[in-house]
Amino acid sequence: MEKVNRRIRTRFAPSPTGPLHIGGVRTALYSFLFAKKHGGNFILRIEDTDRNRFVPGAEEYIVESLNWCGIMPDESIIKGGFFAPYRQSERKEIYQRYAEQLIADGHAYYAFDTAEELEALRMKTEREKRVFSYDASVRMNLRNSLCLPPAETEKMLKENVPHVIRLKVPAGETITFTDLVRGEVSFNSDLVDDKVLIKSDGMPTYHLAHLADDIEMQITHAIRGEEWLPSAPAHILIYRFLNKENEMPQYAHLPLLLKPEGNGKLSKRDGDRLGFPVFPLQWKDPKSGEISMGYREQGYYPEAFINMLALLGWNPGTDQEIFTMEDLIRHFSFEHVHKSGARFDPEKAKWFNAQWLHRKPVNELAASLKNQVEKQGWFNAAFDERYFLKAAELLRPRVYFDHEMAESGKYLFCKPTGYDEKVITKKWREPLRSFFQVLADETLANIESFTAEQVEQTFKSLAEKHQQKTGDVMPLLRVFITGAGSGVDLFPMLELLGKTEVIERIRTAIIKI
Ligand code: GLU
């Protein structure tokens with residue numbers, strides 16, 4: 001049922017109940033990509049009808065997260081738009097209207113059963129080893145407007161006896177719809193309960209509110225998490241009962257993000273246990289004060305975060321792994337969204353960041369490196385702009401995050417304070433002392449143009465002359481200069497440090513060891 005004539009409109013409809021899980025960000029991303037690919041609008045709607053679960057700050061967090069990711073809504077609580085307001089708590093009358101129409105047409109009813117009554121029934125059914133469901137099989141024995149005398153219902157309504165409005169799900173029907181990810185899906189209506197549409201506080205449930213708003217806001221594609229698939233048949237019925245089947249958006253139920261081990265939904269606990277964030281931004285719980293880490297604060301680039309998320313559950317059909325937002329918009333389609341859950345891989349997340357780090361303009365990295373070096377107190381006037389540019393170029397292939405550069409390349413700014421024992425034990429022999437002495441005092445001292453190539457050439461020919469294997473003397477040279485057994489490319493590093501510094505470090509090393 002492709003809606004050819006309607007402009008594509010998708011929405012992301014989070015509930016402000018806490019920080020946004022990365023699975024939610026992915027839902028937002030796919031909705032955004034799909035809308036943009038088809039020249040449509042992407043809407044941010046806040047679903048805040050569950051006042052018990054409302055968490056202060058969560059709405060702002062959602063807005064800021066999308067902003068950081070570059071998932072920019074065309075219509076939202078901030079931007080406004082033709083279909084405003086975009087916060088469900090401000091749209092109550094609309095839901096009431098929908099509920100009343102369903103009641104008038106005999107598709108919904110008032111139910112006066114108290115929470116205690118329902119709980120007692122639930123327990124009784126459980127004792128009989130069955131699951132309680134408020135549905136066609138039991139509804140005529142309960143306290144609702146379908147079985148109570150009309151006068152009594154009216155009286156109770158007048159007296160404001162607490163009640164809910166429930167959907168009347170017909171028995172014995174097969175409900176079928178086409179999901180953009182899963183294809184044709186069918187449900188037996190006997191397994192669908194009479195869902196509450198309006199709660200006793202007068203607020204709509206998700207089932208009614210999202211649907212009324214999707215109609216009102218002319219949403220063409222409702223893209224949401226797989227956890228809503230079991231509710232989909234009830235939603236299909238409501239569209240049918242409202243005579244709005246032709247305005248029903250196409251549903252796409254996205255697969256879950258799974259734990260790194262592969263089974264079960266990725267949770268905050270997995271992140272805490274394995275040391276990675278499951279939220280885009282850092283979040284401070286307003287009640288407990290507990291802080292949860294965020295991708296932004298860990299040093300991820302939004303580009304890398306988005307790139308990683310896009311590929312968790314979708315593939316372009318080629319080997320391409322690096323995508324800008326524009327690329328994603330161009331390539332995205334539901335055809336390549338997977339039906340099964342996507343295993344989250346924290347190492348791959350870091351890998352994506354490294355890929356984006358390699359693509360950053362080097363002057364940006366150099367400025368950041370300078371900042372880090374200053375903060376560490378390692379700065380001196382010898383480090384000019386050129387120095388930082390070269391250093392950033394050398395360091396970037398060796399780190400996942402921008403903020404790791406200074407620490408990982410400390411030896412470019414500070415003399416070593418010790419020498420890696422493992423390399424010394426393995427490679428150092430006393431006769432080598434004279435080799436390094438000649439290297440420092442004569443060979444390197446006599447090089448006129450101290451370039452990586454020149455240094456490499458003279459070093460290698462000296463080694464040959466002294467019948468030393470480069471495999472032995474090169475690791476030692478590195479340790480003498482940096483203190484460590486591994487690091488950035490050796491000869492370009494020597495060029496950067498410069499003749500005086502290199503000679504001095506070798507001299508110090510052979511005195512110290
Ligand atoms: N408020 C719902 C949620 O947060 C939205 C689901 C949907 O996109 O329809 O899960």
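Order of listing sets the numbers, starting from 1, for every ligand and every atom in it. Being a predicted model, the structure only gives us computed values, none of them experimental. Atom set for the values below is all heavy atoms of this structure, side chains included, hydrogens, waters and symmetry mates excluded.
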Notebook entry, point to check: Going by the angle between their ring planes, with limits at 30° and 60°, are Phe276 and Phe344 parallel, tilted or perpendicular?
Noted result: tilted
Check: Closest non-hydrogen protein atom to atom 9 (O) of ligand 1, residue and atom name please, with distance?
Finding: Tyr206 OH, 2.3 Å
Check: Between His210 and ligand 1, does any nitrogen or oxygen pair lie at a separation below 3.5 Å?
Finding: no
Note to self: Between ligand 1 and Ala13, can you find any atom pair, the residue atom being a heavy atom, that is separated by under 4.0 Å?
What the structure shows: yes
Note to self: Regarding Arg9 and Glu75, does a basic nitrogen lie under 4.0 Å from an acidic carboxylate oxygen?
What the structure shows: yes
Margin query: So Phe32 and Leu44, do their side chains get closer than 4.5 Å, heavy atoms only?
Written below: no
Item checked: Smallest separation among heavy atoms of Val164 and Ser200, with atom names -> CG1-N, 3.7 Å
Next item on the list: May I ask you to decide whether Arg97 forms a salt bridge with Glu100, counting only side-chain N to carboxylate O separations under 4.0 Å?
Entry: no
Note to self: Taking 4.0 Å as the limit for heavy-atom contacts, which would you say applies to Trp228 with ligand 1: side chain only, backbone only, both, or neither?
What the structure shows: side chain
Checklist line | Aromatic ring pairing Phe332/Phe334, orientation class (parallel under 30°, perpendicular over 60°, tilted between) | finding: perpendicular
Next item on the list: Kindly identify the option in Ser15, Gly23, Ala28 whose heavy atom sits closest to atom 4 (O) of ligand 1.
Entry: Ser15
Note to self: Once you restrict to heavy atoms under 4.0 Å, what part of Arg11 touches ligand 1? Side chain, backbone, both or neither.
What the structure shows: side chain
Check: Which of the atoms of ligand 1 are close to Glu47, meaning less than 4.0 Å from one of its heavy atoms?
Finding: 1 (N), 2 (C), 5 (C)
